[in-house]
Every structure is written in C-alpha cells, then in structure tokens.
Amino acid sequence: MSEENYQHILQGLLYVCGDEGLELQDAAGVLDLTEQETKQQLLLLQQSMKDDVPGLQVQCFGTRFQLVTADSIAPYIEKLAEGPRQAKLSQAALETLAIISYNQPITRIEIDDIRGVKSERAVQTLIHKALVQESGRAQAPGRPILYKTTERFLEHFNISSLEELPALGAEPEEPSTEEADLFFKELEDEN
Amino acid sequence: MSEENYQHILQGLLYVCGDEGLELQDAAGVLDLTEQETKQQLLLLQQSMKDDVPGLQVQCFGTRFQLVTADSIAPYIEKLAEGPRQAKLSQAALETLAIISYNQPITRIEIDDIRGVKSERAVQTLIHKALVQESGRAQAPGRPILYKTTERFLEHFNISSLEELPALGAEPEEPSTEEADLFFKELEDEN
Amino acid sequence: MERYSVQIDTFQGPLDLLLHLIQQAEVDIYNIPVAEITEQYLHYVQTMQELELDIASEYLVMAATLLEIKSQMLLPGEEDPGEDAFVEEEDPRQELMSRLVEYKKYKEAAVELREKEQEGAGRYAKGSSMDEEAIEEKYAAAVPENLSLFDMLDAYQKLKERVRYHTPKETKIKGGEVTIEDRMTSILSFLEDKQNGITFIELFPSGERSHMVVSFLAVLELMKHKQITCVQEENFEEIMVYQTEEELVGE
C-alpha cells in the first residue's frame, strides 16, 4: 500500500472514532503495520492536516490519537452549540428514550450497553421532562434501578398505549427462502 | 472574514455535528452569511476536500450537510469497528418506498392499488426505520393518512434531494404509428 | 411442469407474478396473450394452493379478473366492421395493461433505489460531539412541542447505524479460520456423549456468518457420510441431530 493510502485510511479512522480517539494498536492492526510505523504515519498526518484541513487537528495522548477542531475556530463551535436552535431533545436523549420505551423496564447499565456510552445524563434529562420514571429495582447484583416511560410519554407522542409503538424490527414478511425451497422440492418430486 | 476562514470553520462544524449533520440554517447563523452564500461555501469545501482529505467526503441531503468517510476506505473502517449491520430493506418495503417517494404525499390505499397487494406492513417498517412519516390526512372519505418520505430517506439512499430521484421509467408510450402499422400488418397476416 | 421450475422470485403480489409470466413468455406487455398467461397464472396459484403456501386473496381476485378478460376477448365484436371500424373498441386488457405498466415502473425504481442504498453503505460518520444536553437542561421540564415519535425512531436508527469502535475484533478473525474438516471433527466429539441428541440450532453457537456457513456445510458432509442423523418429527419442529450408531457407520 502506498504511503498516501495509509494517510487516507487514517483520516477515516480518526474521524469515525471521534471523541473516543484511535488507539495506536488498533490503527496498526487495520493498516497491517507495526505500531512504530503507524505512529510515523499518524505524525505525518498530523503535520499535513495543518495545511490541508486547518479547521481540524490531530492530537496525541500517549498511544491515543484524536481528531479535534482547531483552537482558532473554537468561538464558532460554541456559537453553533448556543445558536438559537429550536428547542429539541438531544440525540442522546432521544436514543435513550427509544431504548427505554421498547425495553422497559430497563436498567441504566443495559441502556449504556446498547448505546455504547454512558447514558446517565440522558436518563436524568428524561426524568426531568417527566417522560421517564423509576420503576422499582432489578433482581440483580446491586439491585439497580429500573426505568420505564410515563403517562406523559404516551400523551406527548399521542399514542394510547405502548402497544401502539411501531413494531421494532418488524420486517414485512417476505416469503422465506425456506418456502421457495419447499416449492422447488415438491415440483421436483412431481416430475 | 476571508473565504479561507469560512472553509476552516465549516470543517470544524461538520466534524462536531458528525452523523447528525449540519443544517444549512445553523451554519449560516454561525458564519453570519446568507444561506445561499453558506451553501456556496459548503459546495466549495465539498470540492476541495476531495483533494485535501481523500479519506473523508462531504455529503448533502436537502439542507443538511454531513461529513462521512470515503467509499474507498470502507473495508478499513469495518476492520476497525463493528460497522452497522446493513439491514437491507425487503423488496416489499423498497417497492412501497419507491411508490411513496414518487407520489408523495400518498395514502396507503393508493399504494395498495399500485402494488396490487396490501402494503400495511411495509409502510409500518418504513415508518419504523424513519424513512417515511405521516403527513397529514387526505381530503377523502375516512380522511386517510398521507405518507411522505423523510430526510433520512435521502440519507439512506444517498440522494441529495427528491429532484435527484432517478427518472421513473418512460411513461407508457402511446402505441406509435409505427407500432400500430405493425399491429395491422400482423392482423392481416393472421387472416 | 418444466416451465414452472424456473427460479421463483418470491413474488410481491399478483402483478409481480403476472409480470414474471409475461417476461418469461417473452411477450409484449401491451399485447398480452390472455389465454396463455391466464392458464399459467392459474396453474401457479393452484400449485401454491397445493403447497398450502399462504395465498393472499389478491391472487384470487386477479385470477377472476384474468378469466373475465379472457371471456370478453372470446366474445365476437358486436357491430359489423362498417364505418365504425376505426372507432377504437375498448380493449378488455386495457386496464390490466396500465396497471402492469404502472407497477413495473416502481418495481424498476425499487431496483435503482437498491443500488443507491448499496452505494451509500460504506460511508461512516461519527456520533455528534455537540453538547446539546447542557442546553437541554436549561429548558428543564419542558418537552419540545414538535417532538414526534418519528424523531425518536430516527434517533434510534442512527444509533443502530453508528460505527461501534468498542467491540474487540480479535474473536471474529479467529472464527473465520475454522475449516469444514475442523468443524466436522468438533461436531462429532460434541455429539459423542449426547445420547439424546442435540437440537440443530446448538450446532451454531457463533452468530458469525462464516462460522455458520462452515457449520452447515459440515453437517451436510457428516450426513452424507452417514456419521450423523437428523430427524424432524414434523414440519417446523426442532430438528434433532444424533450421532449415527457405530455399526451403521461401517456399512
């Protein structure tokens, strides 16, 4: 693979890792290079990004590399966050709400597992907004709190009961391959 | 502010927004430009990224811009991380979606008519996948629900706007004179 | 029966089936040989019935429509072909033709959508880093007015599509290297002390695709060599897998 290709791949890897950062070891695994060589590539990228994408920068913390916005544009990022945006629930809160509504009652740890990130704040927000409430404790070590949706949740989304939530993962029934196979088989038998 | 600066800021904004995408309106607010000017800048950035950061690309869906990885490096991203299992849509759902996207807003009965089968489940699946949403009610007996596609639809199918939908198959050609001639000829031959 | 044993695309309904028959007969959609197509269509529906496949009532409605068209076409023209001969007589097939043409357009559009779907499949994005939660807290108890069920579903879909960096990759690679022979051996030893057999599904401990395929091929191979026996009491019952008795293996 050419050096150029390594650079492109690293751009993509750094991007998808986002705030979590990319571990040198993992990057090396993907590129099939030694960690030393990979680090070399990452440092090269760090340099070239300065000219090519001045709005972003590559930061290095020990063996972890992270793509972040450049210091110079910080005021604009803040302006975006504070901008007069329509009052809406954050992505985090919405995801968490979806998970709770389809899996209630559910513990926070289970939610974290599904989301892959801590959801404490999101759960708190939802409780604040009275969309979610506590619902006893699970029979598990530490007896963690269970959460469920509230009446206000139904009211807000204008559904009369939880059964009215669109079925999760309900694929329209496709005549299965099994059926088709059966069909063939019988046809053959007939002949 | 120089044009260059706009570009840098947009790089940062796109990065921060990630899969949620950057709304043209919000970007314009941050840059203090009109939406038209902002769009211009975003399209310029889309171009320049191709050379400067080939591992990433800017996508546009309606009024939303999103930074995603380049197609070419997909295998490496998947090697690093558990990619989303591509839950592909069933044929029934795809057909239904095609009908909705070209005829929106449309009622379920109209969809059933075109497909010749009940499409209730397919519509539910599409709603669940947030590719289709309700859009008021038709002025018809029973006031049936109307459906339309969402922004997410554009994103899922990688289309920047509804106008970019591939043209529907040529309208049924009126049997041309030529064909008619042929028709008569055949009739004569038969007799 | 030959002509029915062509590949069965799982049909999306009567129109889909008709399109298939028309295409197969290599006839013009605008000039359907109704008698022939009707016969084939009925045969199809009949076979489906015999197989007790669940036939949507739409198929039967279409069958009736076809028969009606067929009989109309058999009726002799009413008037003498006089001056009025050029007044186009309504073709009884007209309505069906336009339905087929209309449906075909969307069927084709669906194919294009599928291509577009695949095109965008390899593009990944990170999650948002916007700290919206802070703003959210400012509004405390207020729920945004315009929040809909759809917003929640949208968020959930995004979650499902997000790249998960957390999952360690090592296990996956290990799974891929199992050969059919390896799997045959391990299945046999797994069965060795299981007199009562095991369920078929137990042979697929890994959800990983390649491992499942290898396992399946291994089962087929073992069956071929009569080293294992698979029994299914009834349709849709659990398939039980047994190690074949020693003496039978020798034969």
Side-chain angles (χ1 to χ4, degrees), chain B residues 15-21 57 59 66-75 77-89 91-92 94-95 97-99 101-102 113-118 127-130 133-134 150-152 155-159 165-166 168-169 171-172 175 179 183, chain C residues 9-10 12-16 18 29-31 56 58-59 61-62 97-99 101-130 148-158 160-167 169 172:
Chain B
Y15 173 76
V16 169
C17 291
D19 62 359
E20 281 200 58
Q57 58 182 328
Q59 289 190 133
Q66 200 184 60
L67 196 60
V68 293
T69 57
D71 300 275
S72 57
I73 63 164
I77 307 289
E78 281 149 24
K79 200 169 161 195
L80 173 78
E82 199 69 63
R85 240 159 288 142
Q86 259 287 304
K88 282 221 231 91
L89 290 174
Q91 184 64 24
L94 263 186
E95 281 180 13
L97 191 55
I99 292 168
S101 60
Y102 286 97
D113 268 358
I114 296 178
R115 292 193 60 223
V117 283
K118 295 238 179 296
I127 290 178
H128 173 66
K129 293 196 179 294
Q133 62 183 326
E134 295 185 8
T150 63
E151 283 245 324
R152 197 180 160 68
E155 201 176 320
H156 187 92
F157 291 100
N158 199 24
I159 311 172
L165 280 173
L168 260 198
E171 284 295 319
E179 269 174 330
F183 185 86
Chain C
D9 286 315
T10 44
Q12 292 300 318
L15 290 174
D16 201 16
L18 267 182
I29 198 169
Y30 294 106
N31 192 14
E58 290 94 345
Y59 281 95
V61 172
M62 178 60 74
M97 282 193 294
S98 46
R99 284 190 73 190
V101 168
E102 181 78 356
Y103 172 69
K104 189 161 171 263
K105 279 198 298 196
Y106 294 105
K107 196 174 150 70
E108 284 161 5
V111 173
E112 294 203 46
L113 283 180
R114 174 78 80 207
E115 282 165 13
K116 295 233 163 231
E117 185 181 39
Q118 270 151 6
E119 219 173 89
R123 300 179 184 175
Y124 299 101
K126 69 189 260 294
S128 166
S129 331
M130 293 273 285
S148 70
L149 210 49
F150 161 77
D151 292 312
M152 191 176 79
L153 295 176
D154 187 24
Y156 186 71
Q157 284 300 325
K158 281 223 176 78
K160 284 209 302 193
E161 285 174 18
R162 193 163 308 147
V163 173
R164 308 283 297 261
Y165 177 34
H166 324 270
T167 342
K169 290 272 97 179
K172 200 170 179 181

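In what follows, every chain begins at residue 1, and chains take the letters A, B, ... in the order their sequences are listed.
Lys116(C) has its side chain out of reach of His156(B): every pair of non-hydrogen atoms, C-beta onward, lies at least 4.5 Å apart. You'll find the side chain of Arg123(C) reaches within 4.5 Å of the side chain of Asn158(B), heavy atoms only. Looking only at side-chain heavy atoms (C-beta outward), Leu15(C) and Arg115(B) stay at 4.5 Å or farther from each other.
Residues meeting the ring-ring contact (aromatic ring centres under 6.0 Å, His included) test with Phe157(B), sequence neighbours left out: Phe153(B). For Glu151(B), the side chain to side chain donor-acceptor pair (under 3.5 Å) test picks out Arg64(B), with sequence neighbours left out.
Among all heavy-atom pairs drawn from Tyr106(C) and Ile99(B), the shortest one is CG-CG1, 3.5 Å. When all heavy atoms are compared, the tightest approach of Ala110(C) to Leu94(B) is O-CD1, 3.7 Å. When every heavy atom of Lys126(C) is checked against every heavy atom of Tyr15(B), the shortest pair comes out as NZ-O, 2.7 Å. Shortest non-hydrogen contact noted between Leu89(B) and Glu117(C) is N-OE2, 3.6 Å. Considering every non-hydrogen atom in both Ala109(C) and Leu168(B), the closest pair reads CB-CD2, 3.8 Å. When every heavy atom of Tyr103(C) is checked against every heavy atom of Glu95(B), the shortest pair comes out as OH-OE2, 2.7 Å.
Looking only at heavy-atom pairs under 4.5 Å with chain C, the residue among Ser101(B), Ala74(B), Ala98(B), Pro75(B) that has the most is Ala98(B). In terms of heavy-atom pairs under 4.5 angstrom with chain C, the leader among Ile73(B), Val117(B), Asp113(B), Leu165(B) is Val117(B).
Summarising the geometry, atom CG belonging to Asp71(B) is positioned 10.5 Å from atom OH belonging to Tyr124(C); distances are rounded to the nearest 0.5 Å. Interatomic distance, Tyr156(C) OH to His128(B) NE2, rounded to the nearest 0.5 Å: 6.5 Å. The distance from the CD1 atom of Ile159(B) to the CG atom of Leu113(C) is 6.0 Å, given to the nearest 0.5 Å.
Neither side chain, Gln157(C) nor Arg152(B), offers a donor N or O lying under 3.5 Å from an acceptor on the other.
Neither the backbone nor the side chain of Glu134(B) has a heavy atom closer than 4.5 Å to any heavy atom of chain C.
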